[in-house]
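Just so you know, ligand 1 is whichever comes first in the structure, and atom 1 is the first atom listed for that ligand.
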Amino acid sequence: MSEAQTPLTVALEQLKTAAEKLELDPGLHCMLANPKRSLIVSIAVKMDNGCTRVFKGCRVQHWDARGPFKGGIRYHPNVTLDEVMALAMWMTWKCAVIDIPYGGAKGGVCCNPKEMSKGELERLTRRYTTLLFDLIGPYRDVPAPDVYTDAQTMAWIMDTYSQIKGYSVPECVTGKPLSIGGSEGREEATSLGVVICAREAAKRWGLKLKGASLAIQGYGSVGWNAAKIAHDLGSKIVAVSDTAGGIYSEKGLNPYDVYKHKSKTGSVVNYRGIRNITNEEVLETKCDILIPAALENQITKKNADKIQARIVVEGANGPTTPEADKIFHEKGIPLIPDILANSGGVATSYFEWVQNLTREHWTLKDVNQKLENKMVKAFNDVHRMAKEEKSDMRTGALMLGVGRVAEAIKTLGLWP
Ligand code: NAD
């Protein structure tokens with residue numbers, strides 16, 4: 001296979017590997033290779049300067065055999081339908097791996113939030129919600145934040161949905177602010193899950209998280225929170241990056257100070273007294289644990305050989321291509337795959353949904369304990385599967401996730 005991979009070619013290749021190993025019926029394989037439903041929308045938005053612009057958006061619902069669709073919404077200038085299809089498919093496997101009763105979905109809007117005002121983003125979000133209205137809802141499809149969307153975006157979705165319904169429906173969306181039914185711990189949940197996986201992987205492969213050196217690509221929600229949590233547990237953050245580049249310190253960076261610097265200047269680079277490095281150099285930093293937490297297709301055939309980390313833990317969705325996976329496997333570098341490593345976010349989204357449906361509010365301690373239990377169980381399930389199959393953790397996780405979804409589809413039957 002050529003290295004001209006897209007997220008969808010990667011997702012389909014991964015599915016093929018799992019389907020072959022599980023000896024799936026070809027018809028079932030074909031069903032899982034295609035999303036159940038995709039909706040493309042044109043979102044007309046009144047801009048601050050008075051003109052009207054039309055943004056392309058979509059929502060892809062992959063499979064819901066194990067429960068309602070669930071998945072984030074991404075605002076990014078390079079969003080494509082193919083990318084969203086891949087992300088929706090990964091959500092289906094992820095919800096099955098972490099064993100929560102959801103199927104997979106994803107949404108995307110092709111826009112550049114960095115160049116839009118808060119008012120423009122609000123109008124875009126509300127109009128997009130009305131266009132999705134018939135397809136989403138607490139028992140149909142529950143959106144959440146993803147790249148360049150946040151708790152405020154979710155609040156606008158909840159309000160728009162509730163206004164149309166005529167009553168408050170907090171359970172229609174997760175990742176909300178606490179004041180309107182968000183869960184304790186949701187903001188950090190993905191990163192806490194990533195760090196729990198890093199800790200479990202370190203244990204299995206003869207390292208300790210405390211004192212381990214970490215390099216992190218991407219300093220947004222997942223990257224920064226992972227840096228903070230790992231730092232608080234005694235790890236040393238040696239390199240971080242964002243779209244503008246990276247920084248490196250052998251002695252270790254203080255992630256809180258780096259965050260303040262990024263909030264003030266817009267980037268982690270040019271931090272006083274700290275060496276700037278390129279994004280490629282961040283990935284290739286000599287360290288114990290590498291956490292890609294930016295976007296897809298970052299570790300490919302071209303740079304996998306140069307990675308010097310002892311363990312890779314995927315915070316982002318789809319950062320590693322199958323060819324790079326193979327290189328890691330041959331080199332004996334364990335990789336904890338996205339559908340396991342970053343599943344803490346959707347697990348706590350599920351906790352938020354349950355709290356909303358039952359009108360309860362759990363403590364942070366309760367939420368994090370439930371997350372810890374889920375993550376450790378999923379990690380052990382995947383590790384056992386990989387060991388039985390003599391495969392890498394990615395194949396183990398895919399076999400577990402795809403296998404559980406296939407089983408549910410077979411049990412439900414095909415109607416009519
Ligand atoms: P975010 O928008 O908060 O942050 C993304 C970060 O990546 C930003 O700092 C940006 O500057 C940086 N970035 C973008 N392109 C880059 C590049 N080429 N090199 C280096 N840095 C780059 O997004 P997020 O919510 O942190 O999501 C990051 C990844 O994690 C995505 O793949 C997302 O799908 C995945 N994810 C997020 C969640 C969640 O709860 N937010 C859950 C599961 C998976």
>> Whether Arg37 and Asp141 form a salt bridge (side-chain N of Lys/Arg under 4.0 Å from carboxylate O of Asp/Glu) is what I want to check.
In response: no

> Who passes ring pair (Phe, Tyr, Trp, His ring centres under 6.0 Å) against Tyr139, sequence neighbours left out?
Replying inline: none

> Looking at Phe69, Tyr102, Trp93, which one forms a ring pair (Phe, Tyr, Trp, His ring centres under 6.0 Å) with His62?
Replying inline: Trp93

> Where do Glu13 and Lys16 land on the salt bridge (Lys or Arg N to Asp or Glu O under 4.0 Å) test, with the steps shown first?
Replying inline: CA-CA 5 Å; Glu13 193 174 334; Lys16 188 162 172 269; over 6 Å; no

> So, are Asp159 and Lys176 salt-bridged, with charged N and O less than 4.0 Å apart?
Replying inline: no

>> Heavy-atom contacts with ligand 1 below 4.0 Å: which residues, ordered by chain and residue number?
In response: Arg74, Asp146, Val147, Tyr148, Arg186, Thr190, Gln217, Gly218, Tyr219, Gly220, Ser221, Val222, Ser241, Asp242, Thr243, Lys262, Asn279, Ala293, Ala294, Leu295, Gln298, Gly315, Ala316, Asn317, Asn342

>> To check you understand the geometry: which heavy-atom pair defines the closest contact between Ser183 and Thr348, and what is its length?
In response: OG-CG2, 4.2 Å

